[in-house]
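Fair warning: this is a prediction, and the values are worked out from it, not measured in the lab.
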Amino acid sequence: MSDELQNHMNKGMYGTPQINPDERRKYLGTFRERVDVVITFKELNNPESLLDLSQEMSIHPDFRLIINGQVDAASLSKLVKLANDHGIDFTATSDHSLPNDSTDFAVVFCDKTQAIHKEKIDIFECYPKKTENSSQPKHRSLLERLFD
């Protein structure tokens, strides 16, 4: 009986224990296995990231968009408009304890309830951009052509 009483007292003093609180804080309140793509604060300034996010929204219309409350107003309005255009549910977190450095997540696009276990979740890893140098054929030197 004393174990039950101790558990009840601990819940009253410390709150209900959470599963993976650091992971949930990093991914804006959700679990890593539910995440489809993420955009960092640094990547949010790149207009291509919103185009790529729009493609993901078209593929997964039943997913949810979670926006870090530390996102600036201009980016927030773009994200809200994008979510509304695609009919995506979104949440803007107001927790000021969430990290907001340039490498922290500003946007998380995830499944609402199920784990999807996607390995690459960074938006630019999912949608790599071709550089101008890679599209041009490489000129080979005379030695490369002789010994090929």
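Ion pairing of D62 with K112 is absent here, as no side-chain N (NZ or NE/NH1/NH2) approaches a carboxylate O to less than 4.0 Å. A salt bridge links K118 with D36: at least one charged nitrogen is closer than 4.0 Å to a carboxylate oxygen. Classification of D85 and K81 as a salt-bridged pair holds, one side-chain N sitting under 4.0 Å from a carboxylate O.
Between S49 and N46, the side chains place no donor N or O within less than 3.5 Å of an acceptor N or O (distance only, hydrogens not considered). If you check the side chains of E48 and Y127, you find no donor sitting under 3.5 Å from an acceptor.
For the side-chain contact (heavy atoms from CB on, under 4.5 Å) with F105, the lone residue among V108, V107, T103 that qualifies is V108. Results of the side-chain contact (heavy atoms from CB on, under 4.5 Å) test with K78 over V71, L53, L50, L44 single out L50 as the only residue that passes.
Looking at every heavy atom in both residues, P61 comes nearest to S58 through CD-O, 3.9 Å. Pairing each heavy atom of A83 with each of F90, the nearest pair is CB-CD2, 3.8 Å. Across A106 and L28, no two heavy atoms sit closer than the pair O-CD1, 3.9 Å. Heavy atoms only, all atoms of each residue included: C126 and K120 are closest at SG-O, 3.2 Å. The two residues R32 and E119 make their nearest non-hydrogen contact at NH2-O, 3.0 Å.
For the atom pair CG of D101 and CD of Q70, the computed distance is 10.5 Å after rounding to the nearest 0.5 Å. Distance check, rounded to the nearest 0.5 Å: CG of L79 to CD1 of I39 gives 6.5 Å. The distance from the CD atom of Q114 to the CZ atom of F31 is 14.5 Å, given to the nearest 0.5 Å. Distance check: R24 CZ to T30 OG1 gives 7.0 Å after rounding to the nearest 0.5 Å. Atoms CD and NE2, from E56 and H86 in turn, are 11.0 Å apart once rounded to the nearest 0.5 Å. Expressed to the nearest 0.5 Å, how far CG of L65 lies from CD1 of I67 amounts to 4.5 Å.
Under the 4.5 Å side-chain heavy-atom criterion for grouping Ile, Leu, Val, Met, Phe, Trp and Tyr, I66 is not connected to F63 through any hydrophobic cluster. Connection of L51 to F41 is not established within any shared hydrophobic cluster, with ILVMFWY side chains joined at heavy-atom distances below 4.5 Å, either directly or through further cluster members. Hydrophobic clustering, with ILVMFWY side chains joined whenever heavy atoms are under 4.5 angstrom apart, groups I123 together with L76.
Few gaps surround CD1 on I59; more than 12 heavy atoms of other groups in view lie less than 6.0 Å from it. Heavy atoms from other residues, nucleotides or ligands lying under 6.0 Å from CE of M9 number 12 at most.
Relative to the ring axis of F109, R64 does not place its NZ or CZ within 45° and under 6.0 Å from the centre.
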Side chain to side chain contact (heavy atoms under 4.5 Å, CB included) assessment of I121 paired with Y27: CA-CA 11 Å; I121 60 170; Y27 294 101; 3.8 Å; yes
Stepwise side chain to side chain contact (heavy atoms under 4.5 Å, CB included) test for L82 and M57: CA-CA 9 Å; L82 186 64; M57 288 180 172; 3.8 Å; yes
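Looking at T93, its side chain does come within 3.5 Å of a backbone N or O of G69 through a donor-acceptor pair. With hydrogens and angles disregarded, no donor-acceptor distance shorter than 3.5 Å links the side chain of S75 to the backbone of D72. Formation of a donor-acceptor pair under 3.5 Å by the E43 side chain with backbone atoms of T40 is found in this model.
At least one side-chain heavy atom of E23 sits less than 4.5 Å from a side-chain heavy atom of E33.
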